[in-house]
Amino acid sequence: MDTPDGPPVLRIGELSRRPGVSDHVLRAWESRYGLLQPVRSAGGFRLYSEADESRVRRMRAHLARGLSAAEAARAVLGEDSGAGRAGPAAGELPGALRQALDAFDEPAAQAVLDRLMSDLSLAAVLRDVVLPYLAELGERWERGTASVAQEHFASNLIRGRLAGLARGWGNGHGPRAVLACPPGELHDLALMVFGIVLNRNGWRIDYLGTSTPVEELARTVDARRPDLVVLAATLPETLEPHATQLTALARRAPLALAGAGATAQIATAVGARLLTGDPVTEAGQAGWPR
Amino acid sequence: MDTPDGPPVLRIGELSRRPGVSDHVLRAWESRYGLLQPVRSAGGFRLYSEADESRVRRMRAHLARGLSAAEAARAVLGEDSGAGRAGPAAGELPGALRQALDAFDEPAAQAVLDRLMSDLSLAAVLRDVVLPYLAELGERWERGTASVAQEHFASNLIRGRLAGLARGWGNGHGPRAVLACPPGELHDLALMVFGIVLNRNGWRIDYLGTSTPVEELARTVDARRPDLVVLAATLPETLEPHATQLTALARRAPLALAGAGATAQIATAVGARLLTGDPVTEAGQAGWPR
Amino acid sequence: MDTPDGPPVLRIGELSRRPGVSDHVLRAWESRYGLLQPVRSAGGFRLYSEADESRVRRMRAHLARGLSAAEAARAVLGEDSGAGRAGPAAGELPGALRQALDAFDEPAAQAVLDRLMSDLSLAAVLRDVVLPYLAELGERWERGTASVAQEHFASNLIRGRLAGLARGWGNGHGPRAVLACPPGELHDLALMVFGIVLNRNGWRIDYLGTSTPVEELARTVDARRPDLVVLAATLPETLEPHATQLTALARRAPLALAGAGATAQIATAVGARLLTGDPVTEAGQAGWPR
DNA sequence: ATAGGTTTTGTCAAGCTTTTGTACAT
DNA sequence: ATGTACAAAAGCTTGACAAAACCTAT
């Protein structure tokens, strides 16, 4: 992996303060081991890049491990010569997305998504890349393999893209769908995906999002008279307490339950349709009797 | 196109008293900048219309913004000749936004925001329209005047716009800020606004969002070495339990607390800076010793 | 490339107060690093724009990161010329697009479009930026002010973006529209815009494009049985020869004529609806009896 | 680590001009 | 009401200075 690099703009004082290494030492490491090769300003000042900062930090890490200064410098320079690549090939894009998101690398993640969106159809990107990634992220999160920060970073970024795709989805002349999650349910990204694909298929979306009280949902249904209501939940426990109200609701508008929390049992109990497939496929078939 | 206009009936004394500008000044503005062109009575008195009063008020507004008298006058006259467009007038846009959002009218709300964004600066839209609306929404929600559905609809729509503006904010070469809300805090829209303005001022943003565990935040800070960390909370109770950890954090990176939940007490206790102003203003001044 | 900008109206005192930088320093940054290039008032006072304010703030952000003043200024100026972030204020983006396209600067033009698409809604970008630009380009082209190469470059680039937005517009469940230009008509970008907005409003689009023989159109109409047929022409002469066939067509499907070549005379003669507004607005209202 | 020289950059001063609210005389 | 005058506030330019940060060499 190659060291990310900005333009050389840091003076020695700053490069000394940041990792906590004296400027004398920095100059010594430069002259003795060639650890750094700063550019010079017009007046002769040394100018370092962020990659140099990384080199200093790694130098210190090696020293702490017990290497001699000469060995540590050699190790750092050895790490640097490892190759960098152009961009990922088409087939590796999903993997590249995962990698970029895991590394908190927003520009890279956005670039991968841009590339995907121009190579594939929207539905394909959502179905084959975004949703699988979200599912995997959820699993890793449950197993404790993914950190909260990773989970936040990735879902914020994805939410941002989805919000862009959702823009204006309440507009138009098609049939109307109301989308919501039951109280306590905080995951709504898959529901957004469902809404986006539904909208691209000519539907208007009224989106209530996470943790919507059932009374509120009922009120909205009465006000908007939608052609479809979709409730998405990841756990059955978030749906079960509202079975009675949902039964009533299902009589006033076509109701569908989706997500891992939507069991056949609950669906038949309340008289709702069960959506078992992935959101993209289900949205592609929505609204039609089966 | 001209400003809607009543008959010219106000004498200079009245036009002086109403907006609180001396008659001397009114005459000076007339002769020096041609701001007003009053009709004359039979006896030679100046007679002003309501449009003139509006001009005077706008003149004063520009002066308050820091323009010179000459430039302010030019701006006012420019506004008058600038074409009138369809839709609500500039001043009514904030009201129009509220109305559209309350009515679940997405197209209208998006149109108002579009109009605002092309009429005003981004900072002005966020500071003077979006944030006040969010505050008002929060209040109505606490008082039970706003329904959950309304609150969801409005914040989803606004979040969508903010996400668009946030695109790529981790990119670039500027100083780096890590933004997060403490565990339990679910409102992060104002924090997003802060991040967007900060980014427009040259900063890179790492955004962790709502309900971030403090250990996670600490880990991110160690990994990213930001130049600023901002924690936003609406209730003091969400910050207090983590005082010890925050104190440690504040020693490793410049820490700032923001939001209604950030009290002077907590801030001094943990050794953090307190951000009391609105997010837009604070972001405009960030990064510097005060 | 320079940042296009709001009017320069701020004097140095105000530009000093807002971000909290002394006037002395502002002048020093101007003379030493060329950070600002204020216009001068008649009397010689410096007049700054809002973009200048942003430059000052970004300068300060870089300083906070530890850059020297010289490097910080260079970074700010680099950001300005490098496309994208913190670039032109929302209101000035259309000008920036024109400039980029006229200069054959594809990356810059794409960046401006990206920025526009994330700041504004799709409809707003198409209606307020893309279509006006195309109209202006057409005029300049007629007056001989624009070169053929310019016209080709700009319309190819825009066509590419529109093609991306048009992706998948024939799919879905909504009403169906057939879009075409009559034989001899080569300008179809506005028609594409119409189709894109129509699609976002829930319609499916069958796009025949430029110079479609009327028999071909008729055959398509019979095969697809659309809910709307739109013919767009810039000159009446391209429509007139086909009046008879169009009259027949209008009896089999709702027909609308659009573009500067669609006169009321022709429309009534063939029994078609006349679309006089801009494509975006018309598409927003399409399909409904008026 | 110290010493002695250089570069960078914020600040200040002096002397003059422009801008603008207010005052005075007609 | 008009026109002229005036003075405080805000700006402009040139030039200089000194503290901080950096350089090389010992």
Side-chain angles (χ1 to χ4, degrees), chain A residues 8-18 21-28 30-32 36 38-48, chain B residues 11-13 15-16 19-48 56 59-60 62-64 66-74 288-289, chain C residues 8-17 19-36 38-48 56 59-60 62-64 66-74:
Chain A
V9 287
L10 301 173
R11 281 175 305 176
I12 200 167
E14 186 65 16
L15 194 69
S16 157
R17 259 186 307 275
R18 288 194 186 180
V21 172
S22 89
D23 53 345
H24 298 288
V25 169
L26 290 180
R27 282 189 275 258
E30 172 184 333
S31 64
R32 293 208 260 257
L36 305 173
V39 174
R40 297 298 182 118
S41 79
F45 285 12
R46 275 167 248 257
L47 294 179
Y48 300 95
Chain B
R11 276 181 302 176
I12 199 166
L15 193 68
S16 156
V21 171
S22 88
D23 53 345
H24 297 287
V25 169
L26 290 180
R27 280 189 277 262
W29 286 351
E30 174 184 332
S31 65
R32 292 212 254 250
Y33 319 117
L35 180 69
L36 306 172
Q37 300 190 334
V39 174
R40 295 306 180 113
S41 77
F45 285 6
R46 276 167 244 258
L47 294 179
Y48 299 95
V56 173
M59 178 82 185
R60 251 193 10 180
H62 286 304
L63 288 176
L67 299 209
S68 70
E71 290 300 331
R74 181 176 324 191
W288 264 138
Chain C
V9 287
L10 301 172
R11 281 176 303 174
I12 200 168
E14 186 63 16
L15 194 69
S16 158
R17 262 185 305 274
V21 170
S22 89
D23 54 343
H24 296 288
V25 168
L26 291 180
R27 281 188 277 259
W29 286 351
E30 173 185 332
S31 65
R32 291 190 184 140
Y33 319 117
L35 179 69
L36 306 173
V39 173
R40 297 301 182 116
S41 78
F45 284 13
R46 277 166 245 257
L47 295 179
Y48 299 95
V56 172
M59 177 82 185
R60 239 190 22 180
H62 285 301
L63 289 176
L67 298 211
S68 70
E71 289 301 331
R74 181 177 323 192

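Letters go in sequence order (proteins before strands), and every chain restarts at 1. All values derive from a computational prediction rather than experimental measurement.
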Discussion item. Just to verify, what does B:A73 make a side chain to side chain contact (heavy atoms under 4.5 Å, CB included) with, not counting sequence neighbours?
Written reply: B:Y33, B:L35, B:M59
Practice prompt. Report the residues that fulfil side chain to side chain donor-acceptor pair (under 3.5 Å) with C:E71, sequence neighbours left out, ordered by chain and then residue number.
Written response: none
Practice prompt. List for me each residue that meets side chain to side chain donor-acceptor pair (under 3.5 Å) alongside C:R27, sequence neighbours excluded, and say none if there are none.
Written response: C:D23
Close N/O contacts between protein and nucleotides 12-15 of chain E (under 3.5 Å):
residue	atom	partner	partner atom	Å
E:dC12	OP1	C:R46	N	2.6
E:dC12	OP1	C:R46	NE	3.2
E:dC12	OP2	C:R27	NH1	2.3
E:dC12	O3'	C:R40	NH1	3.4
E:dT13	OP1	C:R40	NH1	3.4
E:dT13	OP1	C:R40	NH2	3.1
E:dT13	OP2	C:R46	NH2	2.1

Item to complete: Can you sort out the partners of B:R74 under side chain to side chain donor-acceptor pair (under 3.5 Å), two or more places apart, ordered by chain and number?
Response: none
Worksheet item: What residues form a salt bridge (charged side-chain N to carboxylate O under 4.0 Å, His left out) with C:R17, not counting sequence neighbours?
Response: C:E14
Item to complete: For the residue pair B:Q37 and B:E30, establish whether any side-chain heavy-atom pair is separated by less than 4.5 Å.
Response: no
Worksheet entry | Residues forming a side chain to side chain donor-acceptor pair (under 3.5 Å) with C:R32, sequence neighbours excluded | none
Discussion item. Run the side chain to side chain contact (heavy atoms under 4.5 Å, CB included) test against B:S41 and tell me which residues pass, sequence neighbours left out.
Written reply: B:F45, B:L47
Discussion item. Counting the atoms with a prime plus P, OP1 and OP2 as sugar-phosphate, which does B:S68 contact under 4.0 Å by heavy atoms, base, sugar-phosphate, or nothing?
Written reply: sugar-phosphate
Worksheet item: Between CG of A:L10 and CZ of A:R18, what distance do you get to the nearest 0.5 Å?
Response: 5.0 Å
Fill in: Comparing B:A28 and C:L67 on DNA chain D - which has the more 5′ nearest nucleotide
C:L67
Worksheet item: Between atom CZ in C:R32 and atom P in E:dA16, what is the gap in whole Å?
Response: 14 Å
Practice prompt. Calculate the interatomic distance between C:L26 atom CG and E:dG11 atom C1'; express it in whole Å.
Written response: 13 Å
Discussion item. Nearest heavy atom decides the nucleotide; on that basis, is B:H24 or C:E71 closer to the 5' end of DNA chain D?
Written reply: C:E71
Worksheet, complete the sentence: Contacted region of DNA chain D by chain A, from 5' end to 3' end of the hits, cut-off under 4.0 Å to heavy atoms, spans D:dT2 to D:dT8
Item to complete: Would you check if C:V21 and C:W29 make a side-chain contact, meaning some heavy-atom pair closer than 4.5 Å?
Response: yes
Fill in: Between the first and last five pairs of the helix from D:dA1-E:dT26 to D:dT26-E:dA1, the angle of the axes, rounded to 10 degrees
20°
Worksheet item: Can you name the salt bridge (charged side-chain N to carboxylate O under 4.0 Å, His left out) partners of C:R11, sequence neighbours left out?
Response: none
Item to complete: Specify the residue among C:D23 and A:G13 whose closest nucleotide of DNA chain E lies further upstream toward the 5′ end.
Response: C:D23
Worksheet item: Separation of A:R17 atom CZ from E:dC22 atom C1', in whole Å?
Response: 12 Å
